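One structure is given below, encoded as structure tokens.
Numbers here simply count residues along the sequence, with the first being 1. No hydrogens, no waters, no symmetry mates; every other heavy atom, side chains included, goes into these values. For clarity, every value in this text was computed on a predicted model and none was experimentally measured.
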Amino acid sequence: MPLDEFDLIRRYFTRPLANTVLGVGDDAALVAPTPGQQLAISADTLVEGRHFFAGADPESLGWKSLAVNLSDMAAMGAVPRWYTLCLTLPSADPVWLAGFARGLNLLADRAGVELIGGDTTSGPLAISIQILGEVPPDRALRRGGAQAGDEVWLSGPTGAAAMAVRHRYGQLRLEGDDLRLCEARLDRPEPRLALGRALQGLATAAIDVSDGLLADLGHIARRSGLAATLELGDLPQPPLSDEACALPDFDACLLAGGDDYELCFTVPAERHAEVLALGRQLGLPLACIGRMSVGEGVSVLDCTGRPVTLAAHGFNHFA
């Protein structure tokens, strides 16, 4: 017998709640934010064929659907608390739903965030999540606070996820450990939640790298009314073989590929040592990759000081 909407919700998306007044099953959820905290609210939609490949593994898709939203909380320095899920499904396939819920719940439990409501309907596969987190007043990280002279930092290597995308499109070829690493970065990104919270009071601006490093750093530059200059040789590289790093598309993936979900942030130069110490504390390879200055736009210099030119700076959702 086919699942109806309410059976589907009860079977796969109704779970015990510890920090919610009223969750799944009513016309609206009820939550009690921590007194004295501000709410940080974000939403993302993933569409099959646009943001993920047709036939994607449902467990990995469940993980990633929540991870991209948790990454927004990390970029704001917020603690994630609750989320809602809207699912548009071609069919109510129990095997697919079980896998999706398994990946979703695995990451939700690890992040301490609770599913409190949402909606389901029939149609082309699309996943929309709205997430709510908490942050102390005047402590949220924003895109617009960078100052001239600030250093630009990155929480880890970019490029591997974009290389996996190009492999699946047949635009380049990866094998063995290279393929496994790149696909893991694409399918199971790790939101940098602990780093985001630790950057409160240290970073002057922050953003998560979802659409490509140049595109997303460009948002910081634009909102801060400044320019950013990156040194290509200072960018951390994913631990790939020499053959993979020598592929013609490697630099483009590193700079403009997207789907990385690392944090890019700015810090006053005099606090350089504090950032290095924080990286050691969290076990993250935090790297200083450039500097903010008076001007506009984002530029990249190679090891000789010459500008690096790319055809695109990041993912275009409407291209």
Side-chain angles (χ1 to χ4, degrees), residues 71 75 143-166 171-172 182 185-186 189 192 195 199 203-240 242-269 272 275-276 279 284-317 319:
S71 187
R143 298 177 180 183
Q147 302 294 310
D150 282 356
E151 295 176 337
V152 179
W153 288 77
L154 191 60
S155 64
T158 56
M163 293 182 75
V165 171
R166 295 186 186 208
Q171 296 169 347
L172 56 78
C182 289
R185 290 300 307 268
L186 175 65
R192 304 301 185 193
L195 174 61
L199 288 175
T204 53
I207 193 169
D208 71 323
V209 181
S210 56
D211 293 334
L213 176 59
L214 295 185
D216 289 319
L217 177 56
H219 294 308
I220 288 180
R222 190 158 43 252
R223 292 293 293 271
S224 300
L226 295 171
T229 302
L230 302 185
E231 300 285 345
L232 183 60
D234 291 338
L235 263 64
Q237 296 188 357
L240 301 172
D242 291 343
E243 291 78 10
C245 293
L247 289 168
D249 288 349
F250 182 73
D251 286 349
C253 290
L254 205 67
L255 290 165
D259 255 338
D260 304 293
Y261 301 101
E262 298 292 349
L263 295 188
C264 180
F265 55 97
T266 58
V267 175
H272 184 101
V275 183
L276 291 178
L284 293 174
L286 306 183
C288 181
I289 62 172
R291 190 174 290 268
M292 306 299 295
S293 61
V294 175
E296 61 182 23
V298 179
S299 58
V300 184
L301 303 179
D302 67 15
C303 59
T304 68
R306 295 175 180 172
V308 175
T309 303
L310 294 176
H313 280 197
F315 181 71
N316 184 340
H317 293 260

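Atoms CG and CZ, on L199 and R192 in that order, are 12.0 Å from each other to the nearest 0.5 Å. Atom-to-atom distance recorded for E151:CD and C288:SG is 4.0 Å, nearest 0.5 angstrom. Once rounded to the nearest 0.5 Å, the distance linking CD of Q237 with CG of L232 reads 8.0 Å. The structure places CG of D211 at 5.0 Å from CG of D216, a figure rounded to the nearest 0.5 Å. Summarising the geometry, atom CG belonging to L284 is positioned 9.0 Å from atom CG belonging to L263; distances are rounded to the nearest 0.5 Å.
L195 is listed as a side-chain neighbour of L286, based on a closest heavy-atom distance under 4.5 Å. D260 places none of its side-chain heavy atoms less than 4.5 Å from the side chain of L213. Contact check for V300 versus L235: no side-chain heavy atoms found under the 4.5 Å cut-off. Contact of the V267 side chain with the H272 side chain is not registered, since no non-hydrogen atoms from C-beta on lie closer than 4.5 Å. Looking only at side-chain heavy atoms (C-beta outward), V298 and I220 stay at 4.5 Å or farther from each other. Residues P189 and D259 form no side-chain contact, since every pair of their non-hydrogen atoms from C-beta on lies 4.5 Å or further apart.
Residues passing the side chain to side chain contact (heavy atoms under 4.5 Å, CB included) test with E231, sequence neighbours excluded: D234, L301. Among residues two or more places apart in sequence or in another chain, the side chain to side chain contact (heavy atoms under 4.5 Å, CB included) test is passed with S71 by P191, D208, Y261. With sequence neighbours left out, Q147 forms a side chain to side chain contact (heavy atoms under 4.5 Å, CB included) with D150. Residues that satisfy the side-chain hydrogen bond (donor to acceptor under 3.5 Å, both in side chains) test with R222, not counting sequence neighbours, are H219. Every residue two or more places apart in sequence or in another chain that forms a side-chain hydrogen bond (donor to acceptor under 3.5 Å, both in side chains) with T266 is listed here: T204. Residues passing the side chain to side chain contact (heavy atoms under 4.5 Å, CB included) test with V165, sequence neighbours excluded: F53, Y169, L186.
Between A269 and G149 the shortest heavy-atom distance is CB-O, 3.9 Å. Here the closest heavy-atom approach between residue P238 and residue T158 is recorded as CD-O, 3.4 Å. Counting all heavy atoms, side chain and backbone alike, F265 lies closest to S155 at CE2-N, 4.4 Å. Closest heavy-atom contact between G257 and A162: CA-CB, 3.4 Å. Summarising the geometry of A164 relative to C182, their closest heavy-atom pair is CB-O, 3.4 Å, with the distance given to 0.1 Å. Across every non-hydrogen atom of M292 and A228, the tightest pair is SD-CB, 3.6 Å.
Residue pairs meeting the side-chain hydrogen bond (donor to acceptor under 3.5 Å, both in side chains) criterion with at least one member in residues 291-308, sequence neighbours excluded: T229-S299, D302-T304.
Between the side chain of S224 and the backbone N or O of R143 there is at least one donor-acceptor pair closer than 3.5 Å.
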Residues 245-254, side-chain donor-acceptor partners within the protein, below 3.5 Å, at least two apart:
residue, atom, partner, partner atom, Å
D249, OD2, R166, NH1, 3.2

